[in-house]
Protein chains: 2
Amino acid sequence: MTTIDDVARAAGVSVSTVSYALSGKRPISAATRTRIERAVQELDYRPHAGARALASARTNVLALMAPLRVDVNVGVIMQFVTGVVTRAQYFQHDVLLLTQDDHAGVERVAAGSMVDAVIMMDVEADDPRLAILRRQRQPAVLIGLPRDATGLSCVDLDFEAAARTAVAHLTGLGHRAIALLGSPQTVLDRHTTYAARLVHGFDDETSRRGLNAVFEPTESSHAGAVLALDRAFARLPRLSALVVHNEAALPGVLASLRERGLRVPQDVSVVAVCPQDVAVGQPQQLTAVDIPAVRIGGVAVEMAMGRLERDDPAETRLISPVLTARESTGPAPA
Amino acid sequence: MTTIDDVARAAGVSVSTVSYALSGKRPISAATRTRIERAVQELDYRPHAGARALASARTNVLALMAPLRVDVNVGVIMQFVTGVVTRAQYFQHDVLLLTQDDHAGVERVAAGSMVDAVIMMDVEADDPRLAILRRQRQPAVLIGLPRDATGLSCVDLDFEAAARTAVAHLTGLGHRAIALLGSPQTVLDRHTTYAARLVHGFDDETSRRGLNAVFEPTESSHAGAVLALDRAFARLPRLSALVVHNEAALPGVLASLRERGLRVPQDVSVVAVCPQDVAVGQPQQLTAVDIPAVRIGGVAVEMAMGRLERDDPAETRLISPVLTARESTGPAPA
DNA sequence: CTCGATCGTCGAAGCGCTTCGACAAGGTAG
DNA sequence: CTACCTTGTCGAAGCGCTTCGACGATCGAG
């Protein structure tokens with residue numbers, strides 16, 4: 001292994017000079033800098049991460065706690081992860097992957113000074129992990145919105161507004177009876193807040209507008225989609241529009257509609273709430289409120305870096321939803 | 001931050017005694033050990049990862065290079081990742097996530113002594129990253145099978161045998177005209193070897209058995225599936241069986257068959273090559289050769305640890321395929 | 001008994017890096 | 001010309017941990 005000592009010797013300067021030349025924290029003459037850089041090149045010098053962490057109290061690593069359950073939304077999770085990793089790269093940080101249920105993980109990793117900050121996905125309303133997070137000296141950013149976010153930064157799509165946007169779009173097309181096919185019951189029970197926030201926005205907006213509306217939790221499978229749709233039609237026989245917030249159920253919902261002899265959008269309009277690529281990857285291009293997962297992941301990293309480098313205060317950022325009209329929505333049938 | 005010094009003082013022993021008590025590398029009397037453990041508890045002591053890495057040349061971190069492209073098989077990738085993270089946890093290791101195309105990543109992370117070993121997914125036949133891997137002092141394990149694996153450990157499903165198994169199953173049911181709907185052309189072009197190995201096994205086995213067989217690359221979308229199926233029928237009008245090796249195209253293939261008025265399995269039998277949960281998550285339970293992604297990820301970690309701790313020699317492990325018959329295959333129509 | 005292991009503990013020497021304080025050599029303002 | 005600042009460099013003191021060698025105490029074998 002080549003060390004900073006080797007470089008210093010090769011360049012004919014002291015160790016500290018090499019360090020300063022590399023970090024730029026003190027002025028170094030052009031000539032010296034050049035000699036040092038050449039030495040670094042020639043010796044293929046790479047600073048020892050541990051040594052650096054020990055001396056500088058900075059690791060250039062971010063912890064990302066992600067729900068690695070294989071059940072739902074894997075694609076969406078992946079997009080968040082991609083957003084985080086990509087943006088972290090920009091800030092010269094690597095990403096340490098922790099699983100949701102490795103409760104001790106955050107503590108081990110933060111208390112052991114392995115990471116500079118923590119990003120946590122899939123936050124629940126009263127998440128027990130928040131207490132751990134608050135106890136650490138590293139900043140934390142949540143993707144999601146707990147009941148009490150004191151001292152922690154949060155970022156997420158404004159799911160409440162997302163529901164309102166979808167409802168507004170459908171109302172504008174004349175629909176008066178709308179069903180929301182949402183997250184699985186288990187997700188709701190876990191009090192993952194995005195699911196609840198969407199439902200709340202939906203309920204609120206539809207009742208404000210005096211619409212006929214029902215909400216059905218939906219299991220993430222073909223069969224679950226069929227059942228949820230059955231229940232929705234049972235409760236609201238004249239429904240002409242659907243808001244679907246469940247990526248995995250989407251294909252089942254569309255197939256089931258076809259099976260009932262209902263055409264989209266002539267008989268039933270469908271608005272999805274999902275990442276864009278999911279919306280356009282269906283047999284039919286879906287009108288959708290985008291979940292900008294990659295972007296949200298990126299913003300999470302930026303917020304973490306802001307707190308780290310500029311000591312930005314903790315804040316909550318809700319990203320405004322954008323609806324893109326495609327082929328799955330049209331005027332309500334007469 | 002509480003350090004090992006604090007613990008030593010609290011327990012009334014020297015620093016080195018604490019270290020030995022905690023690592024178990026030298027005998028320590030029960031009494032002393034108890035006092036130390038109590039002190040650790042009370043002070044909530046957690047060793048500084050950087051310091052430990054510096055002194056011991058071990059980081060307890062594994063690098064995992066995964067293809068974070070959002071395009072294909074996200075679910076499958078996630079399963080590999082889950083397998084790796086879970087098994088790593090067992091070995092007290094955390095996982096540093098690197099993206100495929102962060103070429104400098106491995107080098108930075110390995111040369112900088114941030115990790116004890118590297119696991120690399122989605123290896124191509126002549127992967128340029130292998131050279132980098134060979135240059136590092138940390139062991140590397142590939143998930144996949146490059147042309148030349150000298151010095152590197154590999155693990156993967158035996159895709160060649162997987163194809164043979166699928167073909168054997170179908171032949172046993174009397175099918176004589178079989179199409180393989182495989183990976184997208186782009187994956188083939190990248191020379192990701194699992195795709196090619198499956199095709200090779202398929203070609204070889206079908207010709208050995210004197211069957212009518214065609215192979216069609218398949219784009220990972222509904223539309224791609226429809227097109228591939230069209231081409232297959234054009235080339236082999238009397239085909240009665242399909243082997244599908246493309247998770248994302250699976251729903252499209254099934255839908256398209258139905259649209260053609262073909263029943264599964266009465267008119268056409270389908271064998272999928274995919275993870276089990278994908279096979280049983282379809283509208284119809286599919287007969288499938290399982291891709292045991294979680295397990296493979298776990299084995300990769302075990303191999304890495306073996307090399308690290310027992311200096312096991314590099315080896316290549318191909319996992320034997322297992323076919324589970326479900327509802328999508330039946331006797332060939334008369 | 002005596003000698004050599006073994007056990008239990010300690011002190012000190014690093015591991016490779018960052019950073020603080022010092023200092024010489026110029027530059028600039030008054 | 002003096003006083004002071006800036007620039008460029010160096011030496012040394014850690015950062016918190018592991019590990020080597022040493023040493024007294026115990027113990028069993030001869």
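To find a chain, count down the sequence lines: A is the first, B the second, and so on, and within it residues start at 1. What you see is a predicted model; the values in this text were computed from it and never measured.
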Should [X] be listed as having a side-chain N or O under 4.0 Å from OP1 or OP2 of [N]?
X: R52(B); N: dT18(D); result: yes
X: S16(A); N: dT18(C); result: no
X: T32(A); N: dT9(D); result: yes
X: K25(A); N: dT19(C); result: yes
X: Y20(A); N: dC17(C); result: no
X: S14(A); N: dC10(D); result: yes

Exercise for review: Could you tell me whether a side-chain N or O of D116(A) sits under 3.5 Å from a main-chain N or O of N60(A), the two making a donor and an acceptor?
Suggested key: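 Yes, D116(A) side chain to N60(A) backbone: donor-acceptor pair under 3.5 Å.
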
Categorize [X] for me: base, sugar-phosphate, or nothing, with a 4.0 angstrom heavy-atom threshold over every strand shown.
X: S19(B); result: base
X: V15(A); result: base
X: P47(B); result: sugar-phosphate

Review point. Which distance, rounded to the nearest 0.5 Å, do you find between the OG1 of T86(B) and the CZ of R295(B)?
Key: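 That separation rounds to 15.0 Å.
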
Exercise for review: Kindly say whether, by distance alone, the side chain of R26(A) makes a donor-acceptor pair under 3.5 Å with the base of dG21(C)?
Suggested key: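 Indeed, a donor on one side and an acceptor on the other fall under 3.5 Å apart.
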
Whole-Å distance between [N] [atom2] and [X] [atom1]?
X: L22(B); N: dG8(C); atom1: CG; atom2: P; value: 17 Å
X: I4(A); N: dG16(C); atom1: CD1; atom2: P; value: 11 Å
X: R58(B); N: dG16(D); atom1: CZ; atom2: C1'; value: 19 Å
X: N60(A); N: dC17(C); atom1: CG; atom2: C1'; value: 13 Å
X: M114(B); N: dG16(C); atom1: CE; atom2: C1'; value: 15 Å
X: R33(B); N: dG8(C); atom1: CZ; atom2: C1'; value: 11 Å
X: L54(B); N: dG14(C); atom1: CG; atom2: P; value: 14 Å
X: D5(A); N: dG14(C); atom1: CG; atom2: P; value: 13 Å

Quiz question: by atom type and distance under 3.5 Å, do the side chains of [X] and [Y] form a donor-acceptor pair?
X: S19(B); Y: S16(B); value: no
X: T17(B); Y: R26(B); value: no
X: D277(A); Y: Q79(A); value: yes

Exercise for review: Would you indicate which nucleotide in dT7(D), dT18(C), dC10(C) comes nearest to any side-chain atom of S56(A)?
Suggested key: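 Output: dT18(C).
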
Check your understanding: Nearest of dT18(C), dT9(D), dT9(C) to any side-chain atom of S29(B)?
Key ->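 Nearest nucleotide to the side chain: dT9(C).
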
Point to revise | Residue whose nearest DNA chain C nucleotide is more 5′ - I28(B) or G50(A) | key: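 In this pair, the answer is I28(B).
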
Practice item. Cation-pi check, R197(B) to Y194(B): give yes when NZ or CZ is under 6.0 Å from the six-membered ring centre and within 45° of the ring axis, no otherwise. Key: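 Here R197(B) fails the 6.0 Å and 45° test against Y194(B).
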
